[in-house]
Amino acid sequence: MKCRSVACIWAGTPPPHRVTAVTAFSQPPIFYTGGSDGSIIWWAFSDNNSNPEVKAVGMLCGHAAPITDLGICNPMEAENNTGRSSNLVVNSASSDFGAVISACSDGFLCVWSKSSGHCRCRRKLPPWVGSPCMIRTLTSRSRYVCIGCSFMDTVHVSDHYSVNSMEGSEGPMDRETQPRKPPKCTIVIVDTYSLTVTQTVFHGNLFIGPMKFMAVVSDDNDKERHSIFVVDSVGKQQMLSVSKDPHDRRESLESSESSVWTEGLSSVQQIISITTHGNIVAFILKDRCIFRLLSSDTKLGEISCVDTLLCSYGHPTQAHVTGGMFIVSDGAGGMLNAHENSCLIPENFAVWNNRGSAIVYKISYQNEIFQCEPHSEIPATYYKPDVRLSIFFLQVYHCLLRIESVCFQFEESSLWRPHVTIWSLHHFDNEPGKLYRQCRMLREGVSFIDCFESPTPLKGLNGLETESTSIVNSLNNYNVNKGQIVSSSMIISESLVTPYAVVYGYLSGLIELVRFDLFQGISFDGVSSKPEEKSASCKQYFSGHTGAVLCLAAHHMMGNAKGWSFNQVLVSGSMDCTVRIWDLDTGCLIMVMHHHVDPVRQIILPPSSTNRPWSDCFLSVGEDSCVALVSLETLRVERMFPGHMNYPSKVIWDGARGYIACLCQAHSGTSNATDQLYIWDVKTGCRERIVRGTAAHSMFDHFCNTISMNSISGTLLNGNTSVSSLRLPIVEDGRFSKSSSSLSEKLVTSSRSSPSILNVTELNASKSHPGKENKDKALSSFPSAHWSKKLPIKCSSPFPGIVALSFDLASLMFSNQKLESIINGGHEPVNNTLKQQGIQKQNPSHHSQETHEVQTDTEEGHDKIKLFEEYLLRFSLSFLHLWDVDTELDNLLTRDMELRRPKNFVVASGLQGDRGSLTLTFPGQSAILELWKSSSEFSAMRSLMMVSLAQRLISVSHAGSAASSSLAAFYTRNFMDKFPDMKPPSLQLLVAFWQAESKHVRMAARSLFHCTASHAIPLPLSNSNTNDPANMSSPAGSRGKEHGDTRAESISSEAEKQGISQTEESNIVAWLESFELQDWISCVGGTSQDAMTSHIIVAAALAVWYPSLVKPSLSTLVVHPLMKLAMAMNEKFSATAAELLAEGMETTWKECIGLEIPRLIGDIFFQIELSGSSTNLAAENLAVSVSIQESLVEILLPSLAMADIPGFLTVVESQIWSTASDSPVHLVSLMTLIRVMRGSPRNLAQYLDKVSKATHDTASSGTDLQVVNFILQTIDPSNSVMRKTCFQSSMTTLKEVIRVYPMVAMNDAWTRLAVGDVIGENNNPSIRVYDMQSITMIKVLDARGPPGLPSLLAATSETMLTTAISALSFSPDGEGLVAFSENGLMIRWWTLGSVWWEKLSRNFVPVQCTKLIFVPPWEGFSPNTSRSSIMASILGSDGQPSLQENAKDSGHGDSLKQLLHNLDLTYRLEWVGERKVLLTRHGHELGTFQL
C-alpha cells in the first residue's frame, strides 16, 4: 500500500483557464469546468437562499490537451442496477452519481471522485478510436458511458447545449470547413470502473455530415435498450442501435433498421447547439430554436429570437444565440425524470447569446399547439469591444450559473480568466425600461483569483488583477504586466531525491529561481550544521530573453566543457527563438544559441541510460518543425533533425538504443489518421522510419514503455525539465528492469544541484585516507542507488506556475536504514564493532590504528545520514503541515522542532491520483479545509503521514520530542475537535496500514482508528439504537474485558440479538462481500481484493472494540470471513485478522465459533506442516509466509488453545500419530503450551496429568491426552527422531510447567518427576512419579484423606471435587517427596525407594504417606471462601457453610469453575534442612515443619 501526500506550490499569479466544458452535481452541490489547457477546476456551491456562495476548491490535473467534454457516472454501480426511469441523460448532476469522467482531445480519459476530487482511474483510448469529443451516460446503467470520437480535420470542443468558443461576432460554425472526405467517427461504450472499451457501437463513415451532437436515448418499452442519436451541423439525424449487453464487443458498422433519416432543417443556417429532454430535441440556431420529436421527426414549434436582446445584427459586436437548455422544474439539475407522456415539454427553456444575455421562456405543448412566452431575462455584462468571451450556463438547484471566460490579448499571448455569476430562477427584479423582468443576481463575479491575493505575496509577483470591489470592473480595467505571468516552471531535485529549488519563466523573459531555504544551512564537512545559519540568498534571477520563456531544464554535467568550469547548467527556450545556457551556480550566461527560427517549445534531457558523449547533450524542439541535438561540452549543435510535417508535439529520447521518436499531430491535441511518427538515429543523424496513422501512436507508446523500463526513477522525463509528464503516454507503475540498479551508478556521480551530499563527501574525501574512498563513493551515489525505484519526494510541474511535491511515506520512514546499507557497502546494516573486533583479532598490531580510523569515518558517515534524514523529515513536515490553524502549535513547531514555514512559497495541499494525475487545492485555508471536509481518504492519508513523521522524528531526534508529540496529538484528536464538520478518516484505509513495515506507521494507523472509529462507522454496521451520546465514543485503545462488558450490557437478551431484520443482515453481508474499487483503494494503489478484506477487518475490529456502536449480529456475520482471511495467507491482512481473532476470542468470537475451534487449530497445524515441507519458495514469498505464520502461531493459536483447551489437546494428540516425528507441528504445540500456561494457567491446571471423570464430563470435548504426558511422549527414547527434534523445546516446556504449577516437581538430579492431582475427587486423589530416563511411571502415591479420620468429614461426599495437591517438593537426596494440600491443610511425607527397584516391581498400588502433619490456619485464612480444613470441621463452624456444602446444591460444572477460579498456584515447599521444609504463599512464610 502506498501513502502519498502532496504539497502544491503555486506561483504568485493565478493560472489561465478558458472554459471548454462544464458539468455539475446536485448533492453535494458542486460543479466542474474543463479548460483548453487540460486543467479542470473544482467549484463548491453553498445553497443559501439569501446569499449562495461559489468558491474554487482546487484543480484536477490529468490532461495536457483541451478538455472536450465532462460527464457524470457511477463507477461503483452494480451490474444489475437498472432502476433508472429516465430515457435520456444530460450532462448534468445527480445525487445518484459518484464520479466525474473527463475526456481531452489527446485521447485521455480520467474518472474523478465526487467527494475528494481524487483521480480513480486514468487511461488512454486506443489510437484507432480517434479523439473523444462527447460523453453521454447510459441512462439505465450509469457505470457505462458512451463516447463519441472523431477523425475529422477539425475537432470541435462542444457540449450538448452550448458552444465553447465565442469570440467577438464570429461564431465557430462560420469558421468550420467541410471535410474533404466522408466523415469518419467512432462511438464506443466505456466502463468507467476500469476505463476499458466494452463495446464498439459504430466505427466508420456516417451517412450524414460531421457528427455535431450525440445523445443516448432509451426505448419507451424497454428502458435497458438504448440507441445513439447522432446529428450533424445541418440537422440531419442518424440513429444507431446499442447492444443490450454493454460488454458486447461486436461493431455496428451500419445502422440497420434502427436508423432514422431526415432531410435536415430547411434553413440554410447551421446548427449552433442541440439539447434534448425525454423524447424532445431542440435545435439551437443563431436566431431561433426549433423543437422536434425524436421518434417521429415531427416539428412541435419554434422560438424566434429576432428583435430580442439575444440578436443584434448590424452591431459592431454582433450578438447571436449560442446555446439553450431545458430548465428542470425541481431544480435538481441532474438526471431528468421523464414524464409518463414523453411528448410533454418542461415548463421553462433558457436561451443565451455570445455576450452573456439570456432569456428564460415559458413553453407548453398541448393539443398539438406549441406556445412560448418570455418569462424572465438575465442581462449581459459590459465588456470592452476587444474582449473575447466564452459563455456557459449551468443549472444548480434553483439557481442558474453563468460561467464566463474573459480573454485579454496582448502580443502573442492570450490570458483567459473565468468568473461565475449566480442568478435566481425564483426571485426577480422589475427594473423600469426592461421588456421582461430580470432574474435577481445573487452573487457577482466569483473566481479563483481571490485565492492568490495574499497579504504577503511573493516578492516581484504581485496580484494580477487591479484591486477593485467588482471582479468585472477589475477585468475591464485589466492592465497586463508581462513580468507577472508565468509561462513555464519546473522544480530542481537534489539528485532526484530532495527538492532544491523552483524555477519560474515569465512572459517578460525573466527567469526566477527560488531555493528551498530549509537545506541552506546543512553542511556535513564540520563547518556548520545549524539550521538557523541559512544562506542569505534564496532567490536568483536570470535575465536576457526578449520573449516569453516557454521551456526550462536543469542538468548536471557528467563531463567537462571545453574552456568552461561550470558543473550545473540551466537551459531555457523562449518565444524569441533562442536557447540560452546559464551557469546555475553563478547565474552567468554561458551561451546564446540561434539555431531555431521559430519559438522553442521543449527542452529534452538525456535519459539515465545514455552513454557519453550524449549524456551531456539536450534536445531543443521548436515550432519550426526542427529538433536539434546540442552538446554542453562543445556548446554547439551536433545534430539537426529537420523535415517534420509540423511541430513535433511529443518527443522521446531512447538513450539505451540511441533513437529519437518525434510524434507530429496533424492538429494539435487530436488523434488523426494523418499523424506521423519520425524515428531518428542519434549517432548518424539519419531518419530511420516514418510511421503514419494509428500505428504512429502505438509505436510511440512502445518507445515510452521501453524508456520507462530503463529509467532509474521509472519515469519518462529524466532529469529536471518543465515538460509536463501529463503530455506523454501512460506507463504502468513499477516497470523497472533488473539493470536499473546498475544504471544508477552511471546516472549521478554527483548531485545535480548545490548544496548536496556529494559536494560534502568530496570535501571529506580530500582529507581522508585511501581506505575511505569506497565509502565516499557509496555516499556520493546514494541518492540514485538507494532510491532508484522509490523516491521519498517526487517532483512534477503539471502546468506552468504549478509545482507538486509528492511525499512517499514508506521511503521517508526507511531512508536512514537504506542509506546506512549504502555506507556499509552492502544491502544491510552491519555491526561495525563486531566487524572491527574480528579485524583486530587477525592482526592487532598492524590493524588497530587503521581500524580505529575506519570506525571513526563510518560513525561520521552515519551521523551525516542521520542528520540528513532529520532534515528530510522536517522539510516534509514543514510543507505538509496546515499552518495558521493552531497558533500555539505553530509556535511550538518553529521553536522546539525547528520547522520552517515556507514563507517564500504559496503552498497548498493535494492528492496523488492514478498514473501521475494530481488533485491540487487552491491557496488559502478555505480551499484546503474544503478538501479535509469532503474527503475521508485525504483526511486519513494526511493524518497518517503527519502522525507517522512526527513519531519517526522523535526516534531520530529527541530534542523536539514534546513538539512532535503535540503535532501527533493535533492530527489524531485536536484537529477534528477544532473542525467538527471535517470528514473523519476512512477506517478501511487506516486498517490497510496496520501491517506496514514501519512500526511508526503501524502505531499511527491504529491510534487514528481508535480516535475516529466512533465517528466513522459505516452505515450498514452502525447500531441505530445507540442514541446515548455517551455511548457514541469509546476510550481509544481500550481492549479486552472492558469492551466485553460493554457488549454484554448492550445486548441484554436473545430477543435483542435477533432484533436485526433480515434486510439489515443482508446489507451487512453485502457490505462485507463488496469488492468494487473504492475511492480509498485507488488512493493507496490497492486491488479489489484489498477492498473486500479491509471491510472484513474494519467490521471485526468494531465488533471487538466497539460492540455497543455496531449491530449485535455483526460478530456472528463477520467471524467466518475473518477466519477464512486469517488462514488465506494474505500478506496484507492475514496477520491482522489473526490478531483480531486472538484479541476478541474470549469476549466476542468464542460464543460464535465454540465448536469450530478444534478445526481452526487443525488448519493452523496444516499450514505449519505445509510451510515446513516447502523448500522451493522464493525468498520474498518465504519471508511473507514466515511473517504470517508468526501471527498464527504466536498470537492466534495460543488464544484458540486457551478458549478450548480440551479441543487443543485433542488436536495435539491427533497430530502425534498423523504427522511425521520431525514435523514442526510438535515444536509449535510445545511453544503454544508455554503461552497457554502463561496466559491461562488455572484453566490448564486440570489437564496437567490425570483428568477426573467429573472433569472429563464437564469439558467441551473429551481428551485422553494430558500436558505432562504429551511432553514426555516428545522425549520418549523409543522415538529417537522425535526426541532429537523436540528435546530442547520439551525440556523448556517442562521447566515452565514446574515453574508455574507447584504441584509438579523434579528432583535435583532430573531423574524423577512427580505430578500431583490439581483437582480431584475426595476418594481418589493421587501423585504419580515418573522416571525421566525411561520416561515411564514408576509409582503412585495415595493423597486421600488421613486414615482413621473419615468421620470428621461426614458431610463430605466421596465424589465431591476438591483441590487435591497444592505443592510438591523432592528431598535434596531425591529419595523423599513432600506434598501440601490446601484442602485439609495437610503436609504429607513419602519415602521413595530406589529407581531400579521401582522399575523392577512395577507396582502401581497407591502408597500411603509415611508422615502426616496438620498445618494450623494462618492469619487471613478464610475457610468459608473456597477452602475448608479438617480443624474447621472439627470445631464445627456452623455459621460458615463449607465449600463442600455449597457444592452439594450445584453441579460438577459449577463446582469445577469455582475451584479453578479460586485455585492458588503460589504455594511453595522449600527445604531448609535435612528433614525440615518451609511452606510459603505469595513469597510469605507460613511456617516451618519438621518431618
Just checking, any donor-acceptor pair under 3.5 angstrom between side chains of [X] and [Y]?
X: D106; Y: H63; result: no
X: S797; Y: S489; result: yes
X: Y506; Y: E512; result: yes
X: H555; Y: D616; result: yes
X: Q602; Y: Y647; result: yes

[Y] side chain reached by [X] side chain, heavy atoms, under 4.5 Å:
X: V6; Y: F807; answer: no
X: L513; Y: I492; answer: yes
X: V637; Y: M593; answer: yes
X: V682; Y: L629; answer: yes
X: V803; Y: C795; answer: no
X: L805; Y: I9; answer: yes
X: I793; Y: P499; answer: yes

Which heavy-atom pair separates [X] from [Y] by the least distance, and what is that distance?
X: I511; Y: L570; value: CG2-CD2, 4.0 Å
X: G547; Y: S574; value: O-OG, 3.1 Å
X: G916; Y: L726; value: O-CD2, 3.8 Å
X: I603; Y: C551; value: CG1-SG, 3.4 Å
X: P599; Y: M575; value: CG-SD, 3.4 Å
X: C617; Y: P606; value: O-CD, 2.9 Å

Listed once per pair and sorted, the ring-ring contact (aromatic ring centres under 6.0 Å, His included) pairs that draw on residues 579-602, sequence neighbours left out
F542-W582

Can you check whether [Y]'s main-chain N or O pairs, donor with acceptor, with [X]'s side chain at less than 3.5 Å?
X: S487; Y: G505; value: yes
X: Y678; Y: M645; value: yes
X: D576; Y: H545; value: no

CZ (R689) with more than 12 external heavy atoms under 6.0 Å
no

Could you go through the side chain to side chain contact (heavy atoms under 4.5 Å, CB included) check for Y504 and V502 one step at a time?
CA-CA 7 Å; Y504 297 108; V502 178; 3.5 Å; yes

Centroid-centroid under 6.0 Å between F875 and F879 rings
yes

Taking the six-membered ring of F108 as reference, does the NZ or CZ atom of R122 fall below 6.0 Å from its centre and within a 45° cone about the axis?
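Yes, R122 and F108 form such a contact.
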
Side chain to side chain donor-acceptor pair (under 3.5 Å) with R687: which residues, sequence neighbours excluded?
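R687 satisfies side chain to side chain donor-acceptor pair (under 3.5 Å) with no residue once adjacent residues are dropped.
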
